[in-house]
Chemist: 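My structure is below; once you've seen it, I'll send some questions.
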Amino acid sequence: MRYELVIFDNDGVLVDSEPISNTILAAYLTELGHPTSYEESLRDYMGGAMHRVHDLVLERSGQRLPDDFDEVFHERVFAAFKRELEPMAGAVEVLEKLTAEGVPFCLASSGSHERIRVGHRKTGLDKWFDDGRIFSSQDVGRGKPAPDLFLHAAERMGVAPDKCVVVEDSPLGVQAAHAAGMDVCGFTAMTPAERLRDATRLFSDLRALPDLLA
């Protein structure tokens with residue numbers, strides 16, 4: 001295989017969380033007086049850390065979100081995850097195949113460690129990711145599109161950036177991977193291919209991933 005490490009994004013790549021979390025985010029922002037559609041939430045916030053929501057709302061409205069915004073949002077999201085969340089189609093098969101072939105992999109997500117763990121427990125993906133394979137934007141100063149998170153994951157896993165490949169479904173993640181000096185496979189199951197056109201390669205079915213890495 002041409003790579004020594006596969007770095008997975010989590011939301012929208014391993015777990016089918018983007019429809020749930022962006023529906024809740026759009027509704028909550030609208031409730032607070034910042035009208036936001038589901039489509040706008042996907043466009044503006046998908047793949048970003050929570051500070052991006054605060055930054056864009058402040059920039060556009062001149063108003064700060066409530067101090068408990070993150071806490072309330074995550075309470076709503078975690079409750080929905082526990083009811084509804086499923087793994088992405090093909091995620092289990094890919095993780096099984098990479099494990100069988102001895103290909104190292106980890107996860108680097110804009111989501112908090114708690115969000116990742118809640119989702120993985122519900123979907124059964126926790127068996128594939130111990131604490132040493134999970135990296136969050138909480139661990140670094142800046143989230144995507146900055147390269148910090150991917151560089152942190154590569155360093156902790158002991159692999160040079162140019163030997164890593166990132167699997168991402170958001171433009172912010174693609175930007176971050178390139179900024180880190182890594183190839184990136186753009187996953188178009190939910191994101192239009194045009195928005196991921198800067199990825200090294202594009203694919204729409206997770207089960208096709210191992211062949212792209214050969």
Side-chain angles (χ1 to χ4, degrees), residues 3 6-29 36-53 55-57 73 77 80-81 84-95 98 105-112 115-116 119-120 123 125 135-137 142-150 153 164-213:
Y3 303 106
V6 180
I7 303 177
F8 287 98
D9 178 40
N10 187 54
D11 293 294
V13 172
L14 294 175
V15 295
D16 193 13
S17 54
E18 295 290 11
I20 297 172
S21 59
N22 281 281
T23 296
I24 292 170
L25 179 57
Y28 188 27
L29 288 172
T36 306
S37 69
Y38 171 71
E39 292 77 16
E40 289 168 338
S41 182
L42 288 175
R43 181 195 68 202
D44 294 340
Y45 305 121
M46 181 175 164
M50 286 302 294
H51 67 77
R52 180 175 176 84
V53 181
D55 292 346
L56 283 183
V57 168
F73 172 67
V77 167
F81 279 5
E84 307 170 32
L85 190 63
E86 298 291 340
M88 292 296 292
V92 171
E93 293 95 318
V94 167
L95 296 174
L98 294 180
F105 59 85
C106 68
L107 179 158
S109 172
S110 293
S112 67
R115 176 188 174 116
I116 295 164
H120 281 200
T123 58
L125 296 185
F135 306 100
S136 162
S137 61
R142 298 179 299 166
K144 306 169 190 178
D148 303 39
L149 177 56
F150 291 139
C164 299
V165 61
V166 175
V167 184
E168 263 288 353
D169 70 327
S170 75
L172 293 176
V174 170
Q175 291 177 49
H178 282 315
M182 301 176 183
D183 283 355
V184 54
C185 292
F187 184 42
T188 62
M190 184 172 164
T191 307
E194 173 63 20
R195 297 197 68 209
L196 301 179
R197 62 185 179 278
D198 293 331
T200 311
R201 57 191 65 89
L202 299 174
F203 71 113
S204 60
D205 186 334
L206 273 180
R207 286 163 285 240
L209 180 64
D211 290 338
L212 295 179
L213 306 178

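Counting from 1, the numbers follow the sequence of the chain as shown.
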Chemist: Determine which pairs satisfy side-chain hydrogen bond (donor to acceptor under 3.5 Å, both in side chains) with at least one residue from residues 173-183, sequence neighbours left out, and list them in order.
Modeler: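 Residue pairs with at least one partner in residues 173-183: Tyr3-Asp183.
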Chemist: Mind checking the CD1-CZ spacing from Ile24 to Phe73? Nearest 0.5 Å is all I need.
Modeler: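 Reported to 0.5 Å precision, the distance equals 6.5 Å.
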Chemist: Check Phe187 against Asp205 and note the closest heavy-atom contact, atom names and distance.
Modeler: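 Heavy atoms only, the tightest pair is CE1-N, 4.0 Å.
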Chemist: Do you know which of Val94, Val166, Leu125 makes side chain to side chain contact (heavy atoms under 4.5 Å, CB included) with Phe8?
Modeler: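 Testing each of Val94, Val166, Leu125 against Phe8, the sole residue satisfying side chain to side chain contact (heavy atoms under 4.5 Å, CB included) is Val94.
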Chemist: State whether the side chain of Ser17 and the backbone N or O of Asp11 hold a donor-acceptor pair below 3.5 Å, judged by distance alone.
Modeler: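 No, Ser17 side chain to Asp11 backbone: no donor-acceptor pair under 3.5 Å.
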Chemist: I need the Leu14 CG to Ser109 OG distance, nearest 0.5 Å.
Modeler: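 Answer for the CG-OG pair, Leu14 versus Ser109, is 9.0 Å.
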Chemist: Keeping Thr188 on the side-chain end and Phe203 on the backbone end, is there a donor-acceptor pair under 3.5 Å?
Modeler: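 Yes; at least one donor-acceptor contact below 3.5 Å.
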Chemist: One pair to check against side-chain contact (heavy atoms from CB on, under 4.5 Å): Glu93 and Leu206. What are the steps and the verdict?
Modeler: CA-CA 9 Å; Glu93 293 95 318; Leu206 273 180; over 6 Å; no
Chemist: Considering all heavy atoms of both residues, which atom of Ala146 and which atom of Ala176 are nearest to each other, and what is their separation?
Modeler: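 Where Ala146 meets Ala176 most closely, the heavy atoms are O-CB, 3.4 Å.
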Chemist: Heavy atoms only: give me the nearest Gly47-Leu172 pair and the separation to one decimal.
Modeler: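 Closest heavy-atom pair between Gly47 and Leu172: C-CD1, 4.0 Å.
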Chemist: Any idea which heavy atoms bring Ile20 and Ala80 closest together, and the distance?
Modeler: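 Reported closest heavy-atom pair: CG2-CB, 3.6 Å.
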Chemist: Are the side chains of Leu29 and Tyr45 in touch, meaning some heavy atoms are under 4.5 Å apart?
Modeler: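 Yes - at least one pair of side-chain heavy atoms lies under 4.5 Å apart.
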Chemist: If I take atom CE from residue Met46 and atom CD from residue Glu39, how far apart are they, to the nearest 0.5 angstrom?
Modeler: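 Going from CE on Met46 over to CD on Glu39, the span is 13.0 Å.
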Chemist: So Glu168 and Leu196, side-chain contact (heavy atoms from CB on, under 4.5 Å) or not? Walk me through it.
Modeler: CA-CA 9 Å; Glu168 263 288 353; Leu196 301 179; over 6 Å; no
Chemist: Any chance you could measure Thr123, atom OG1, to Asp16, atom CG, to the nearest 0.5 Å?
Modeler: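 Separation between the atoms: 10.5 Å.
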Chemist: Would Arg115 and Ser21 satisfy side chain to side chain donor-acceptor pair (under 3.5 Å), going step by step from the backbone distance to the final call?
Modeler: CA-CA 11 Å; Arg115 176 188 174 116; Ser21 59; 3.3 Å; yes
Chemist: Assess whether side-chain contact (heavy atoms from CB on, under 4.5 Å) is satisfied between Val13 and Met88, documenting all intermediate values.
Modeler: CA-CA 6 Å; Val13 172; Met88 292 296 292; 5.7 Å; no
Chemist: Look only at the side chain of Thr200 and the backbone of Cys185, and say whether a donor-acceptor pair between them is shorter than 3.5 Å.
Modeler: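 Looks like no, no N/O pair under 3.5 Å.
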Chemist: Could you tell me which residues satisfy salt bridge (Lys or Arg N to Asp or Glu O under 4.0 Å) with Arg43, sequence neighbours excluded, listed by chain and number?
Modeler: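 Per chain and number, Arg43 pairs via salt bridge (Lys or Arg N to Asp or Glu O under 4.0 Å) with no residue.
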Chemist: If I compare all heavy atoms of Arg142 with all of Pro147, which pair ends up nearest, and what's the gap?
Modeler: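 Distance-wise, the nearest heavy atoms are NH2-CD, 4.4 Å.
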Chemist: Would you compute the distance between atom CG of Leu56 and atom NE2 of His51 and round it to the nearest 0.5 angstrom?
Modeler: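 So the CG of Leu56 and the NE2 of His51 are separated by 10.0 Å.
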Chemist: Could you measure the distance from the CG atom of Leu202 to the CZ atom of Arg195? Nearest 0.5 Å is fine.
Modeler: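 Here the interatomic distance stands at 13.0 Å.
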Chemist: Ignoring hydrogens and geometry beyond distance, is a side-chain donor-acceptor pair present between Arg52 and Ser110 at under 3.5 Å?
Modeler: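 No.
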Chemist: If every non-hydrogen atom of Ala153 is compared with every non-hydrogen atom of Cys106, which pair is closest and at what distance?
Modeler: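 Minimum heavy-atom contact is CB-SG, 4.3 Å.
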